[in-house]
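Comments concern the structure below.
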Amino acid sequence: MWLRTGFPMLLYLAALQGIPGQLYEAARVDGAGRWEQFWHVTMPGLRSAHYIVLALSLIDSFKVFDLVYAMTYGGPGTATQVMGTWMYANVFQYYQTGYGTAIAVVITLVAIAVGIPYVRSQTREPTA
């Protein structure tokens, strides 16, 4: 679990440092408490970081095949089974190539569905 937490935390730190201090000062002047500042200043300031972390984590979760396969082979039973090991078992262990291919197509479509908006958000021209 801790293997993939460093990069998202770095993204969140960068996003937190990008929130102008004047927004917090204006919220304090308007009478906002710490909770209101968090919900109305910090969370909207982290919106793009949330999406990036979610997209990268979801795509990264599909690439975890090697670790699960090397350590547990998806077991005991199917307790640590992920999409990649499930696809591999169906194709090479159970000889259900059609079912395994369908799993691979679903993995690809989900990665594309998450990846396209992520790439668009990164290539969009900043509005000033």
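Counting from 1, the numbers follow the sequence of the chain as shown. What's counted below: heavy atoms across the whole structure, side chains too, no hydrogens, waters or symmetry copies.
- Taking 4.5 Å as the limit, some side-chain heavy atom of I112 sits within range of a side-chain heavy atom of T108.
- Across every non-hydrogen atom of W39 and P44, the tightest pair is O-CD, 3.4 Å.
- Taking all atoms of both residues into account, the shortest heavy-atom contact from I19 to T42 is CD1-O, 3.8 Å.
- Between Q37 and A32, the shortest heavy-atom distance links the atoms NE2-O, 3.4 Å.
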Show me, pair by pair, the donor-acceptor contacts under 3.5 angstrom made by side chains of residues 94-104, not counting sequence neighbours?
unit_1	atom_1	unit_2	atom_2	d
T101	OG1	T97	O	2.6

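- Side-chain contact between T72 and T85 is absent, with no heavy-atom pair separated by less than 4.5 Å.
- Taken to the nearest 0.5 Å, the CZ atom of R34 stands 10.0 Å off from the OH atom of Y24.
- Nearest heavy-atom pair across Q81 and W86 is OE1-N, 3.6 Å.
- At least one side-chain heavy atom of R4 sits less than 4.5 Å from a side-chain heavy atom of V64.
- Counting only heavy atoms from C-beta outward, the side chains of M9 and L13 never approach each other to under 4.5 Å.
- Around the CZ atom of F7, the shell of radius 6.0 Å holds no more than 12 heavy atoms that belong to other residues, nucleotides or ligands.
- Using a 30° and 60° split on the angle between ring planes, Y88 and F92 fall in the tilted class, from 30° to 60°.
- In this structure a side-chain-to-backbone donor-acceptor pair under 3.5 Å is missing from Q17 to A14.
- The closest side-chain heavy-atom distance from Y12 to H50 is below 4.5 Å.
- Residues M83 and V106 meet the side-chain proximity criterion, which asks for heavy atoms closer than 4.5 Å.
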